[in-house]
Amino acid sequence: MVKSYMEDPLIQKIAAGEEIGWVNPGLKPFGSVALPVTLEEMKDAKRRLERFAPFIKKCFPETEAQKGLIESGLTPIPEMRDYLEHEYRQKIGGKLLLKKDSHLAVAGSVKARGGIYEVLKHTEELAIKAGILKPEDNYEKLASEECRKFFGQYTIQVGSTGNLGLSIGIASAAVGYRVIVHMSADAKQWKKDMLRSHGVKVVEYESDYSEAVKNGRKESDADPMSYFVDDENSKNLFLGYAVAAVRLQKQLEEQQIEIDEEHPLFVYIPCGVGGAPGGVTFGLKQIWGDHVHCFFVEPTQAPCMLLGMATGLHNQICVQDVGLSGQTHADGLAVGRPSGFVGKVMEPLLSGEFTLDDKWLYEYMRALWNTEGIFIEPSSCAAFEGPLKLMQYDETRRYIEEHGLSDKMENAVHIAWATGGRLVPEEVREEYMTTYLD
């Protein structure tokens, strides 16, 4: 089945590990799209996070200033934009901003959104069923020793390359659950060490992410007191990420940044299995419809979502099927097989994708640090490939023309979505800063 796709010039480029700018032919006008996830479900997720705010504030004092909401800043980065334009001789019209999910409280990554939301939703369901919580209660009561003892009977399990494991592990341990994180060979040692310091059991695998998820799911299914957070198929994770869009809308309004037909919004999000960027994209489209243009960015050796969407095979194909290694310095993006659920939801919503070689992760990371004094981890830096290359590829340049955006790019708002970085230890940061790849 795969071999027939190898005749497609695009798939040949992907298989050769080339850097690519791809436009999604399945994109539809937002008003005509029917989706398996709804705006009401997204609003329900937002309300649930608000109910849990007193509990989060109690367990994680660093969220006090935001009254128990886990939210990141939206920061203009004009010096970084000027550097990219000058260094790579490519104009980036309009504003460039950084969405600092890299600095989110609790887990220091975008996974703090979906991962923590899913743990809290499961917690609410268990507590209501057991009669120890009513929706109108102050949820701070869940931080009591009595409740921790109750949740200690249960186990939460997840498969991860790193950041999802951190968010699930830290949040679940705070509630009182026993936690098991199944980690692939790509996971960084410091992430495993941090999880163990929170009392989390880490199971290490020699193989890749898909194998860790498969084994974690199997082990959890065998235990009736265990709940598996399924990064490949979870609607709850997806909705937790989607809430970001509502919060972003408020931040843009506070900064008096307009998004409309004359002021298009472009958002670039690093992509692994697809849950976080997919959820965020879904939320953004719900709010701004056709005025927002979302692009994922993946490493050339692990472009699983691009391969799944370009072939239409979604999770029925993996990067190894076309001869790629699936190995990358972008540990959070080292995924060989995409989420079938997310890929199908993205078919009518996603504008396109970029792929990049690993060396640029470190170049963009150093550039951001040198120009703006902001550190984000290498995986996050994939996002900068988007604004830099949007007008370089014929495909994406044609997208701008066909959508009537050519004369609006000076008014455009570009957001690079930083997906992780705050928790990276100082010695690892120094190692990253001195890493140069050919």
Side-chain angles (χ1 to χ4, degrees), residues 52 55-64 68 70 72 100-120 122-123 142-145 147-206 209 212-213 215-216 219-220 226-229 231 237 272 276 331-332 334 375-380 418-432:
F52 266 100
F55 168 81
I56 293 169
K57 190 168 74 166
K58 175 85 172 169
C59 292
F60 301 103
E62 69 263 37
T63 65
E64 185 145 354
I70 298 171
S72 69
K100 291 167 68 177
D101 276 10
S102 47
H103 292 63
L104 278 170
V106 185
S109 82
V110 66
K111 303 295 186 176
R113 297 185 183 279
I116 291 172
Y117 174 72
E118 177 142 4
V119 170
L120 296 180
H122 180 59
T123 299
L142 293 173
S144 69
E145 204 45 52
C147 286
R148 284 184 60 80
K149 207 168 170 184
F150 167 74
F151 292 117
Q153 309 168 82
Y154 296 92
T155 301
I156 301 271
Q157 302 198 45
V158 65
S160 175
T161 59
N163 283 344
L164 182 64
L166 275 178
S167 88
I168 298 289
I170 293 169
S172 300
V175 176
Y177 293 112
R178 291 195 294 263
V179 195
I180 303 172
V181 178
H182 301 263
M183 297 192 102
S184 62
D186 312 283
K188 301 291 186 194
Q189 188 60 45
W190 70 265
K191 294 183 181 181
K192 299 173 196 172
D193 294 342
M194 187 172 286
L195 279 169
R196 288 184 174 119
S197 75
H198 284 269
V200 172
K201 180 182 176 184
V202 176
V203 181
E204 299 183 53
Y205 294 86
E206 295 292 321
Y209 166 84
V213 171
N215 281 294
E219 192 172 309
S220 184
S226 177
Y227 178 83
F228 186 68
V229 178
D231 198 17
L237 275 179
D331 58 319
F375 172 82
I376 62 177
E377 66 186 0
S379 294
S380 293
T419 46
R422 182 176 71 89
L423 297 183
V424 178
E426 191 55 45
E427 65 274 16
V428 178
R429 293 184 185 203
E430 287 171 16
E431 186 188 315
Y432 288 161

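- Side chain of Arg429 to main chain of Val424: a donor-acceptor pair is present (N/O by atom type, distance under 3.5 Å, no hydrogens or angles).
- When side chains are defined from C-beta on, Tyr205 does not count as touching Met183, because their heavy atoms never get closer than 4.5 Å.
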Open item on the list: Run Asp101 and Ser72 through side chain to side chain donor-acceptor pair (under 3.5 Å) and show every step you take.
Closed with: CA-CA 5 Å; Asp101 276 10; Ser72 69; 2.7 Å; yes
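- The main-chain N or O of Ile156 is never found under 3.5 Å from a side-chain atom of Arg178 such that the two would form a donor-acceptor pair.
- The distance from the NZ atom of Lys192 to the CZ atom of Arg196 is 7.0 Å, given to the nearest 0.5 Å.
- Residues Asp331 and Lys188 approach most closely at OD2-CG, 3.3 Å, considering heavy atoms.
- Expressed to the nearest 0.5 Å, how far CZ of Phe375 lies from CZ of Arg422 amounts to 12.5 Å.
- Here the side chain of Glu62 pairs no donor or acceptor atom with the backbone of Ala105 at under 3.5 angstrom.
- The main-chain N or O of Gly115 is never found under 3.5 Å from a side-chain atom of Glu118 such that the two would form a donor-acceptor pair.
- Summarising the local packing, CD of Gln189 is surrounded by more than 12 heavy atoms from other residues, nucleotides or ligands at distances under 6.0 Å.
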Task: Stepwise side chain to side chain donor-acceptor pair (under 3.5 Å) test for Thr161 and Ser184 - done: CA-CA 5 Å; Thr161 59; Ser184 62; 5.4 Å; no
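- Arg113 CZ to Ile70 CD1: the interatomic distance, rounded to the nearest 0.5 Å, is 9.0 Å.
- In terms of heavy-atom proximity, Pro61 sits nearest to Lys58 at CD-O, 4.4 Å.
- Within a 6.0 Å sphere centred on CD of Glu204, other residues, nucleotides and ligands contribute more than 12 heavy atoms.
- When all heavy atoms are compared, the tightest approach of Ile376 to His103 is CG2-CE1, 4.3 Å.
- Looking only at side-chain heavy atoms (C-beta outward), Val428 and Glu430 stay at 4.5 Å or farther from each other.
- Side-chain contact annotation: Thr419 with Ser380, donor-acceptor N/O pair under 3.5 Å present.
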Task: Stepwise side chain to side chain contact (heavy atoms under 4.5 Å, CB included) check, Asp231 with Val158 - done: CA-CA 8 Å; Asp231 198 17; Val158 65; 5.5 Å; no
- [ ] Determine, step by step, whether Asn215 and Glu219 satisfy the side chain to side chain donor-acceptor pair (under 3.5 Å) criterion, reporting the C-alpha distance in whole Å, the side-chain angles of both residues, the deciding distance to 0.1 Å, and the verdict.
- [x] CA-CA 6 Å; Asn215 281 294; Glu219 192 172 309; over 6 Å; no
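- Among all heavy-atom pairs drawn from Ala112 and Ala107, the shortest one is CB-CB, 3.9 Å.
- Sorted by first and then second residue, the pairs that involve residues 163-177 and meet side chain to side chain donor-acceptor pair (under 3.5 Å), not counting sequence neighbours, are Thr123-Tyr177, Asn163-Lys191, Asn163-Glu377.
- Shown here for Ala276 and Lys111, the closest heavy-atom pair between the two residues is CB-NZ, 4.3 Å.
- One distance of note links CD1 of Ile168 with CG of Leu237; it measures 6.0 Å at 0.5 Å rounding.
- With values rounded to the nearest 0.5 angstrom, Phe55 atom CZ is found 6.0 Å from Leu142 atom CG.
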Task: From CA spacing to verdict: side chain to side chain contact (heavy atoms under 4.5 Å, CB included), Met194, Leu423 - done: CA-CA 9 Å; Met194 187 172 286; Leu423 297 183; 3.7 Å; yes
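- Taking both residues in full, the closest heavy atoms of Val200 and Val181 are given as CG1-CG2, 3.7 Å, listed atom of the first, atom of the second, then distance.
- Note that OG of Ser160 and OH of Tyr209 are 7.5 Å apart. Values are rounded to the nearest 0.5 Å.
- Val179 has its side chain out of reach of Thr155: every pair of non-hydrogen atoms, C-beta onward, lies at least 4.5 Å apart.
- Between Tyr154 and His122, the ring planes lie perpendicular to each other; the angle is over 60°, past the 30° to 60° tilted range.
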TODO: Evaluate side chain to side chain donor-acceptor pair (under 3.5 Å) for Ser220 paired with Ser226, printing each intermediate quantity in order.
DONE: CA-CA 5 Å; Ser220 184; Ser226 177; 2.7 Å; yes
